[in-house]
Amino acid sequence: MPDPLLTPEQAQALVLEHIQPLGVERVPLFEALGRVLAEGITARHDSPPQDNSGMDGYALRHGDVAGAGATQPALLEVVEDIPAGHVPQQSVGPGQASRIMTGALVPPGADTVVRVEDSRREGSKVAILVPAPPGANIRRRGEDVGAGQEVVGAGMYCGPGEVALLASLQRALVPVYRPPVVAILSTGDELVEVDEPLTPGKIVNSNTYGLAALCLANGVTPRMLPIARDDEAQIRRAVESALSADFVLSSGGVSVGDYDYVKKVLDELGAQVVLWRVAMKPGKPLFFCTLGGKPYFGLPGNPVSSLVSFLQFVRPALRKAAGHPPGAWCLPVVCARLEHPLANPDDRRQYLRARLRLEAGRLLAAAPRGQGSHMLSSMLGTNGLLVLDPGAQLKGGDEVQAQLFGALA
Ligand code: AMP
Ligand code: MG
């Protein structure tokens, strides 16, 4: 009896056991975009740094205008004009007001800002027509972030909002995890590069492009290596040069064909084999080992299989290495309604490429026809993988679980 195949969950857990976050580096703020913050970051100062006005208007004492209205306006003496960025020179006494712009410091003595729309200028005076509530339109010192507060925690993803907040806290250099560099190697005598003539017996090396594109889409840097022929010495040289990267992805050559030399070469190089073959379709001939401490994925050669295997196993590993917390390693799973019947007659779990779309707030899923593991057209326009257990028989309208890997249109 051959060994039972690993389930996708078992395989994923085994892979992840062998992955550790890479090092931490301090980078200029913009380079932190799309990375994971490695340390908590504490505010050195309050934000806003001082009380300032949230409106263009008049800074005044609430008691002076509490009873004001359109028919009995409160008439105040304007003592100063305070543009944003300038320090007030006058304090506001009883019966006085200062003209103030949005973002300008609230002068001493004033406790409220009345909007300019709620006033009428009368020479050196201003008539207040609407009584603002006490404290209105003042943005308080520290109400956004207080000095000493930890504003972002270790493990937080650094998106545009985080970049803006860190900029407001004057963090020009930010500690982030280093994202992995991924070497990508395609093997096979049948392969030609995209710009080479397609002579009889040959097919185009699409895997290097597809895998590199997935790396880029997931925030890691691919290093695309030249094709290695089905030749032990050539594969060996290619694997050795790939080891300067943090991760190695090869595709092809790990099945049971007579010219599938990749596993043999890895064995000779002293690889620690972790797993081979997973009960899933596509993607059964997955091989994973560590070589010189580096994670090495021998992905299936079939183009769709290599992409699906990347999403199930490589992506979570890259995300763990890049410092993402456990909840963010795997693709998010959503529930969608099938737009047509679907069955899985196979004894392996299927991952079907699908288009998920929102209609009236509900998620609908449709899987294109032609889901063969060599049929790249099944990827076109897709943003999800429908997960179908063996024997599943679903009707149109039934709920199905889907992993989201692209944006919802
Ligand atoms: P293998 O695992 O090497 O037996 O390859 C399985 C199938 O995938 C074969 O039909 C190969 O021609 C195809 N294949 C292997 N590598 C690539 C590649 N880089 N690009 C496109 N197809 C490939
Ligand atoms: Mg091959």
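In listed order, ligands and their atoms are each counted from 1. Numbers for residues simply follow the sequence, beginning at 1.
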Residue among I184, V314, L318, L307 satisfying side-chain contact (heavy atoms from CB on, under 4.5 Å) with L214
L307
Using a strict 4.0 Å cut-off to heavy atoms of S206, name the atoms of ligand 1 that fall inside it.
20 (N), 21 (C)
Side chain, backbone, both or neither: the part of V204 lying under 4.0 Å from ligand 1 by heavy atom:
backbone
In the protein, what heavy atom is nearest to atom 19 (N) of ligand 1, and what distance, to one decimal place, separates them?
N205 OD1, 2.9 Å
Identify the closest protein heavy atom to atom 17 (C) of ligand 1: which residue and atom is it, and at what distance?
N207 ND2, 3.3 Å
Compile the donor-acceptor pairs under 3.5 Å between side chains in residues 320-329 and protein atoms, sequence neighbours left out, one pair per line.
{"from": "K320", "atom 1": "NZ", "to": "L16", "atom 2": "O", "distance (Å)": "3.0"}
{"from": "K320", "atom 1": "NZ", "to": "I19", "atom 2": "O", "distance (Å)": "3.1"}
{"from": "W329", "atom 1": "NE1", "to": "H324", "atom 2": "O", "distance (Å)": "2.6"}
{"from": "W329", "atom 1": "NE1", "to": "P325", "atom 2": "O", "distance (Å)": "3.3"}

When distances are taken from atom 5 (O) of ligand 1, the protein heavy atom at minimum range is G301 CA, 3.7 Å
At a 4.0 Å threshold, what atoms of ligand 1 neighbour a non-hydrogen atom of I203?
12 (O), 21 (C), 22 (N), 23 (C)
Check E39 with R26, please: is the shortest side-chain N to carboxylate O separation under 4.0 Å?
yes
The criterion is side-chain hydrogen bond (donor to acceptor under 3.5 Å, both in side chains); which residues satisfy it with R315, sequence neighbours excluded?
N218
Just to confirm my output: which protein heavy-atom neighbour is closest to atom 12 (O) of ligand 1, and how far is it?
E190 OE2, 2.5 Å
Identify the residue among F247, F297, F313 that makes a ring-ring contact (aromatic ring centres under 6.0 Å, His included) with F288.
F297
Ion pair R337/E399, N-O distance below 4.0 Å:
yes
Below 4.0 Å from ligand 1: does a non-hydrogen atom of G253 turn up there or not?
yes
How far is atom 4 (O) of ligand 1 from its nearest protein heavy atom, and which residue and atom is that?
D260 OD1, 3.9 Å
Lys NZ or Arg CZ of R99 over Y58 ring: under 6.0 Å, within 45°:
yes
Near S186 (heavy-atom distance under 4.0 Å), the atoms of ligand 1 are 19 (N)
Going by the 4.0 angstrom heavy-atom rule, the piece of P303 near ligand 1 is side chain
